[in-house]
Structures are given as C-alpha cells and as structure tokens.
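Counting convention: from 1, in listed order, for ligands and their atoms alike.
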Amino acid sequence: MPSSRKPTEHTPAGVQKHLSRHEIERLEGLYGNKYLLEPPPDGKFPAAGMSADEALGLIQQEMILDGLPNRNLATFVTTWMEPQAEQVISESLRVNFIDHAEYPQSAEIEQRCIRMLADLFNAPGETTGARTQGSSEAIMLGALSLKWQWRKRQEQAGRSTEKPNLIFGGDVHVVWEKFCRYFDVEPRIVPLQPDKYTIGPEDVEPHIDENTIGVAAVLGTTFTGHADDIRGINDLLVALKGDRGLDVPLHVDAASGGFVWPFLYPHSEWDFRLEQVRSINVSGHKFGLVYPGIGWLIFRERDDLPEDLVFYENYLGKRDATFTLNFSTGDSMMLAQYYNFARLGHAGYRYVMETMKYNARTLAKEIEACGEFEIIGGENDEQLPLVAFKLTGGQSYDEFDVASQLAAERGWMVPAYTLPPKAEHVKIMRVLVKETLGHSLTATLGSDIAQACSTLAEKGALHKSDRKKVKTNTGF
Ligand SMILES: Cc1ncc(COP(=O)(O)O)c(C=O)c1O
C-alpha cells in the first residue's frame, strides 16, 4: 500500500527543508528564546515583554562582550569577595538604607564603620562622617564642608565671600575639578613636573591666600600610586597659621591609600595625627575590598561638619539626620564593608596588603628583567600595591602599542596613559596587583608583557587606524 504520509519534511532528494520563520516562531516556546531571532528592546519602549528566562538569557548573552573584571588590571575597584560576603550582599538587596527608622540596625552598623575608620585614621576623639556611593561623593561633601567653613571664617572676619579657591595638584582625580565647576570654586591646580609626579609644600605655598578654602592632597595617586608630601603640606599650613593667622584646612584624598597606608606604612603620618588634616575620604570599594558602591568621609572632629549642611527630618516621630548627595540607596555594600572589618581586622587587612605588595614587587622584577622597561618607584617607596612602568626609550613602539598587543595576545587589560600637564610627554603603563593576581598569574603576566614586546619588535608599531582605538585613560 502506498504511504499516506506526505513528504513535507524532506525534499524528494532527501535533503532536509529548512523551517520557515513562522515555523521557528511556533517552536520558540519549547526550544528557544525570542531574543535569538529579534533585535533587543531599544529605542521604543517595548509594547510587550518576554518571559523571565528570555530576559535573563538576553542580558547574559550580551554581557559576554564586556571585559572580564579579573583581567582588568587597570581598575582599583574590587573584583572578588568571599562567598560569605556575597551572601551578606544578596540577603540585604531589598533594603532602602536611607529609611533609618525602618532599618535601625543598618544605621547602627554604618555608624560602627565610621567609628572604626576614625580610629584607623587616628582621629583625636569622638567624631562624625558619612557613608557615600564612593570617593567622588565623599569628596563633594568634604569639599562643600571646606567651602562652608571658609565662608563662616570670612564672615566672622568681615571679609569677602565672593571668590573661594581650592588648591590641589595635577595628580588628583578629575572629581576635584568637577567639584570646583559644580560648586563655583576657583581651582588652583599645581602642575606636575617632568620628573616629579606628586606635589609638596613648595608647590602649594605660592597659591595660598585668604580665599583658599583648603588644600587637597592625595594618598596614592591614580597615576603612579605615590602620595603627595602630606606631612610637608601640613607643616606649611601650621606655620602659615602661626605667621599669618590663615587657618587653611587640609583634606586628604585617600580614595586608594586610606586602606593601604595604615597597614603597610603605619608609622607614616598622613592622617589626623597631622594638625591641619580636617577630613579624609576613602573608597571602600577599592582597597577596602568591597564591590563597587561604597565610600566614606571622616571628619577630624564633629565641628568640622558644618551644622547647616546636615538635613534633619522627622520620620515616625524620630529625628533623623542625613548628610548625603543621594537619597535612596541600598545597604549591601555598607554591610559588606562591615563584614570585611569584622572578618579581617587589622591583621587580616595587613596580610592582604602585604601579599599584594609582595606580588607587585615580584611582577616589577619580572617586567624589569625583560630589559625594555623601567619601573616608576623604588623598592622602598611608599606606594600602592601596583607596578607603574615605562619603556626605557629607543624602541620602535611605545606604551600604547604594548597595551594593545597585550590585549590582543592574551586579553589582559593593562592601561597606557600620559601624565597630566607639564609631564604630559611621560607615557606610563600600570598594573594593579590585587588578590586576584596571585603568584602564578603575575609570572604569566610578566612573560606575556615580554612576549608582546618581542612581537612588536618584529612586526613594528600598530597601524594608525588601530592606534586610534587604543584606550588612553588610566582606568578606575
Ligand atoms: C585619588 C582618587 N580620588 C578619587 C577617586 C574617585 O573615587 P570613586 O571612584 O570611589 O568615586 C579615585 C578613583 O579612582 C581616585 O583614585
């Protein structure tokens, strides 16, 4: 008997017929995902949604185009935490931390962190501070406090409050200029020098006058990981107070260094042990070892925070004080910071910092041994756990070529950048050596850098069109 089945699925020659778009769509619910055939939602707000699995798949598929955080050796920001810390984070994701009345224990733990940081930074007594989104928010708040205090001093002395200025070096993070622009303060920026990448008292002195709201000094610059001469600047400001009656406060931007110096260089004085240091910011998400979204501002004394910058509200009959630029926010990263303080303590943080520093020295030796580079910073320098280096000169390629070749050959993200004005001719590469870059990976990276140089020596520098695509910022 002839078969009743029609040959719809196969052509007579036995070659399988492709499904039509319509047929594929019919099978989608069983086997596939909408996003496999359609462009992602964009531009027009989607008229209808998709299933939860489809939405998850859509995002996961696109995310592979981002870099791998652990290969990003440019970033100061934490890319790994212990599973228990991640548990703390995931268990607190639903909390809106600003609601202190509803979440009083979170508020208490925030205050514990502030008290412990004040102790770490050698505050002379009980003080206050703020938890922020990062150092940028902390710096905005700290610098606003400087401006408010200056205005009060000027008013008391019957002087003009028209032209505030703030002094800092070219080695600061861009947020300092941002503050000046947003809050109408004249930036007095001390340029770097061709062979000096931080600033000291002699650089600051010529810029100070009665309109100076403060001086900002960096502990651990983004560019080379060194510190400004904070002690020297403090001594200058103390002398100025005695000689000219000008009381100019010092703010220390310890975004990176605030969690490094207390453990690696405890005898080095940069914090509240110095008389003119009135406020300090630090990023919890850098060497505080927490994922992004946490920073801190700590004042020397309660009176360093001007009362009229604090907002009081009545919430359910309780008086609540806030000093932030943002309002609603989570408490996960704050709790993760507390987890680290409790988990590591001084000894644990010291262990982590010493390990990173040791690995940074090992990597520096490897990079030096390849014969193409010089290391910026001596073995005994006080420096963040990183390796900053530049070519010795005379090669047919430059640092940007090396960064690009290294990314092409091994996927490492190592930044190359030029220094700020008057050292802009200096090109630097920099590797952050964190907990995710242990002994085996530092050795691999050292030989990968040497290999990238050999490739470039053979094939020559990048083509002009490739050069245009090389990232030129420091990484954050
Ligand atoms: C010295 C310094 N200050 C401020 C910042 C800004 O910090 P955040 O990214 O925590 O806002 C950075 C970031 O790299 C920095 O290195």
With no hydrogens and no angle check, is any side-chain donor or acceptor of D381 less than 3.5 Å from a backbone partner on Q383? no
Side chain to side chain donor-acceptor pair (under 3.5 Å), that's the test. Do D171 and T221 meet it? Break it down for me. CA-CA 6 Å; D171 56 340; T221 73; 5.4 Å; no
Residue pair E301, R278: steps toward the salt bridge (Lys or Arg N to Asp or Glu O under 4.0 Å) verdict: CA-CA 8 Å; E301 292 167 13; R278 309 302 310 184; 3.7 Å; yes
When T212, V215, D228 are each screened for side-chain contact (heavy atoms from CB on, under 4.5 Å) with V204, the one that passes is V215
Please determine whether a side-chain nitrogen of the Lys or Arg among K196 and E202 lies less than 4.0 Å from a carboxylate oxygen of the Asp or Glu. yes
Pairs flagged by side chain to side chain donor-acceptor pair (under 3.5 Å) wherever residues 174-191 is involved - sequence neighbours left out: W176-D253, E186-R188, R188-D209
Pick out the protein N or O atoms lying less than 3.5 Å from any N or O of ligand 1, and list each pair with its distance.
| residue | atom | partner | partner atom | Å |
| --- | --- | --- | --- | --- |
| ligand 1 | 3 (N) | D253 | OD1 | 3.2 |
| ligand 1 | 3 (N) | D253 | OD2 | 2.7 |
| ligand 1 | 7 (O) | K286 | NZ | 2.9 |
| ligand 1 | 9 (O) | K286 | NZ | 3.3 |
| ligand 1 | 10 (O) | S135 | N | 2.8 |
| ligand 1 | 10 (O) | S283 | OG | 2.9 |
| ligand 1 | 10 (O) | H285 | NE2 | 2.7 |
| ligand 1 | 10 (O) | K286 | NZ | 3.3 |
| ligand 1 | 11 (O) | S135 | N | 3.3 |
| ligand 1 | 11 (O) | S136 | N | 2.8 |
| ligand 1 | 11 (O) | S136 | OG | 2.6 |
| ligand 1 | 14 (O) | K286 | NZ | 3.2 |
| ligand 1 | 16 (O) | T222 | OG1 | 3.0 |

